[in-house]
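No hydrogens, no waters, no symmetry mates; every other heavy atom, side chains included, goes into these values.
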Amino acid sequence: MDMKEILSKTIEQAVAQAVKVGAFSVEAVPDFTLEVPPQKEFGDYAANVAMVLSRQAKKPPRVVADAILQNMGKPEWLERAEIAGPGFLNFYLKATWLYDALAQVLEAGSNYGRSDIGNGARVQVEFVSANPTGPLHVGHGRGAAVGSVLSNIMAAAGFAVTKEFYINDAGNQMDCLTDSVIARYLQALAAGGEKAGTIEFPENGYHGRDIIELAEDILANHISGEEFLTRGGSFDPAAIPAELYDAFKELAQQEKLARIKKDLADFGVTFDVWFSEKTLHEGGAVLGAARELQSKGYIYEKDGALWLKSTDFGDDKDRVVIRENGVPTYLAADIAYHRDKFHRGFKQVINLWGADHHGYIARMKAAVGALGFDPDRLEVIILQMVSLYQNGEQVKMSKRTGQGVTLSELIEEVGRDAARFFFIMRSTDSQLDFDLDLAKSQTSDNPVYYIQYAHARICSIFRQAKEAGVVMPAVRDTDLTVLALPVETELIKKILSFKEETELAALRREPHRMARYAHELAALFHSFYNHCRVMTDDPAVQKARIILVLATQIVLRNVLGILGVDAPEKM
RNA sequence: GCGCCCGUAGCUCAGUGGAUAGAGCACUGGUCUCCGGAACCAGGUGCGUAGGUUCGAUUCCUACCGGGCGCACCA
């Protein structure tokens, strides 16, 4: 049990005792905050319990506070407690708690920061889920980074996390992809011949260079011109036999998906499950889900289509699930997909969507409700838009012409670590201005380098210590109480807050907290480093500082691990 | 028109029902006989506007203003 839990329990007991002796009366103790106060003069922890109890107790906050203190006894770890301001309880702990806690960090090592507040609950995080029709762009990059870091955070907090990518490999965008590839294929095939220049490209096709390259690759390595003609192909795209068309579709889709997987792997993002939309259609799950909704009475027919009564569940309007032509909508497949998720036993299902999909939340939650699941078990995190900036100007991009900046280009430009860090350092609710110049600068202006530098510096200290023949001290043989300077105790306190930061980031689904924490930790370390020599004449001080630096290194590694950013030993 | 997100320091952004609202960049000036100067230290009358709830609002509610994104039998 850490200090905060002990203190919290002590307060609750004191309140109960105060009620028992009749100091005041309350029905139940409401939630109160117990936090590190903004000024260190206010102690190590401050609680607002008296203020939140004031109304119920029908007594002024400071009177309630006094009664709580009178009934708290004198725990051995407590230096003193005071009533302050409007009724805060400020707790000043004996210095030993800091050092005991620091020693525990060393013992926990790479496990420090892990907790079990998730209680092993099975949680699914679905993210990126891009159509396999082209390369990932920077918007997907934000989703990939946030999804992967959030998953790491929640895993560290004791959730059983499954990372999943939903492959939109059904529907007309796949036909559109195939049409585009075939057009490029025919153009390549016709090159130099009499048909050259006569092949038209589909108006709504994918114009990217990657499609041209893909078509050329198919011509060179998969379907030769000769084979194409033998299998019934011609320069008329409309006359291509279904079997041949499907062969193109399969090749195109596989290549696009392989490229996506590669880009994500290069970005350090992995998935536990790749879930194909197509399998939902082919396995009958889409129609099965629609039938289930129908049997529950939430489907009706209008204008030849089948509609979901999503307005019964808070949506603005009802939604078509089966079109007039009998083809299920995207929503129908998504309903089947989410039904499948819940059937698989996930307690919470978290989806990361781009801001352009926020209008979809209400209908999806409605559908989940209609299926009989608690809509709150579906959480949708909306990621606001990303804008790239270079030389102080916004880098314009256009998805339609395929001239957008791809994720792989971005990684090549600024590096994996910087890209990951920049994508998660802002709240998901905020639009992200991604400064390319800053991200690739190898100076302390760049927060990624700043943090990594702290780690490299620590490694450098230890390298030199080793060369000098310094023996690494054992925690239990070290008197840590010599670490009494403000720069030392502040660093220790920051180290000790890591577990709580991780828990908070997990519970609130806020990965950017980890990025800020890492930066704050690095800043306190650099400050410590500039004020205190680790290798020094005083053996007692040296031992204790080595322990402190070791603890810093542990936490830096752990937090960078969660961020998926390298912790280099040299830079 | 309706819905979601945002509006905090010159810029990019944290934060939060409570005690003196923070960080980075930029700018200015300092720190080095010593563990990596990719560092440190110092410098600041900012919560869009107006109401409301509250003992207390930057935080919650309402309206308005400004910016972004949506509002399909597309995905």
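No contact: A:Met425 has no heavy atom under 4.0 Å from any strand. No engagement by A:Cys459 is indicated, since no non-hydrogen atom pair under 4.0 Å with the nucleic acid exists. Backbone-only engagement by A:Ser527 is indicated by non-hydrogen atom pairs under 4.0 Å involving sugar-phosphate atoms exclusively. Base engagement by A:Ala46 is indicated by at least one non-hydrogen atom pair under 4.0 Å involving a base atom. Across all strands shown, A:Ala456 has heavy atoms under 4.0 Å from base atoms, whether or not it also approaches the sugar-phosphate. Residue A:Pro37 is classed as a base contact, given a heavy-atom separation below 4.0 Å to a base. Contacts of A:Asn90 with the nucleic acid, taken as non-hydrogen atoms under 4.0 Å apart, include base atoms. Residue A:Asn325 is classed as having no contact, given no heavy-atom separation below 4.0 Å to the nucleic acid.
Geometrically, A:Arg457 engages A:Tyr529 in a cation-pi contact, judged by NZ or CZ lying under 6.0 Å from the ring centre and within 45° of the ring axis.
When the shell of 6.0 Å around CG of A:Asp537 is examined, it contains 12 or fewer heavy atoms from other residues, nucleotides or ligands. Within 6.0 Å of atom NZ in A:Lys309, 12 or fewer heavy atoms from other residues, nucleotides or ligands are found, so the atom counts as exposed in its surroundings.
Residues forming a side chain to side chain contact (heavy atoms under 4.5 Å, CB included) with A:Ala81 (at least two apart in sequence, or on another chain): A:Leu69, A:Met72, A:Leu78, A:Phe91. Considering only residues two or more places apart in sequence or on other chains, A:Ala336 meets the side chain to side chain contact (heavy atoms under 4.5 Å, CB included) condition with A:Leu280, A:Ala285, A:Val286, A:Ala289.
Partner A:Tyr166 forms a ring pair (Phe, Tyr, Trp, His ring centres under 6.0 Å) with one of A:Phe127, A:Trp274, A:Tyr337 and no other, that one being A:Tyr337.
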Short heteroatom pairs, N/O only, protein and nucleotides 67-71 of chain B, under 3.5 Å:
from	atom 1	to	atom 2	distance (Å)
B:rG68	O2'	A:Gln431	NE2	3.3
B:rC69	O2'	A:Ala355	O	3.1
B:rC69	O2'	A:Asp356	N	3.4

Hey, what are the protein-to-nucleotides 22-33 of chain B N/O distances that come in under 3.5 Å?
from	atom 1	to	atom 2	distance (Å)
B:rA26	OP1	A:Asp445	OD2	3.3

### Task
Using the side chain to side chain contact (heavy atoms under 4.5 Å, CB included) rule, take A:Leu438 and A:Phe422 through it: C-alpha gap first, then chi angles, then the decisive distance, then the call.
CA-CA 10 Å; A:Leu438 181 61; A:Phe422 274 60; 3.9 Å; yes
### Task
For A:Val559 and A:Met514, run side chain to side chain contact (heavy atoms under 4.5 Å, CB included): C-alpha distance rounded to whole Å, both residues' side-chain angles, the deciding distance at 0.1 Å, then the answer.
CA-CA 7 Å; A:Val559 69; A:Met514 287 286 100; 4.2 Å; yes
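Residue pairs meeting the salt bridge (Lys or Arg N to Asp or Glu O under 4.0 Å) criterion with at least one partner in residues 440-455 of chain A, sequence neighbours excluded, are A:Glu413-A:Lys440.
Residues from residues 534-547 of chain A that place a heavy atom under 4.0 Å from any atom of RNA chain B, listed by number: A:Val534, A:Met535.
For the pair A:Gly171 and A:Ala47, both in contact range of RNA chain B, the more 5′-proximal nearest nucleotide belongs to A:Ala47. In terms of position on RNA chain B, the residue among A:Tyr449 and A:Ala305 whose nearest nucleotide sits closer to the 5' end is A:Tyr449.
Within the structure, a side-chain polar atom (N or O) of A:Ser430 is placed less than 4.0 Å from OP1 or OP2 of B:rA14. The phosphate of B:rC13 (OP1 or OP2) has no side-chain N or O of A:Ser427 nearer than 4.0 angstrom.
B:rU12 and B:rC61 have their C1' atoms separated by 30 Å, given to the nearest Å.
A:Gln452 and A:Asp417 are linked by a side-chain donor-acceptor pair at a separation below 3.5 angstrom, with hydrogens and angles left out of the test.
B:rC55 atom P lies 16 Å from atom CG of A:Asn48, rounded to whole Å.
In this pair, A:Phe42 lays its aromatic ring flat on the base of B:rA19, centres within 5.5 Å and planes under 30 degrees apart.
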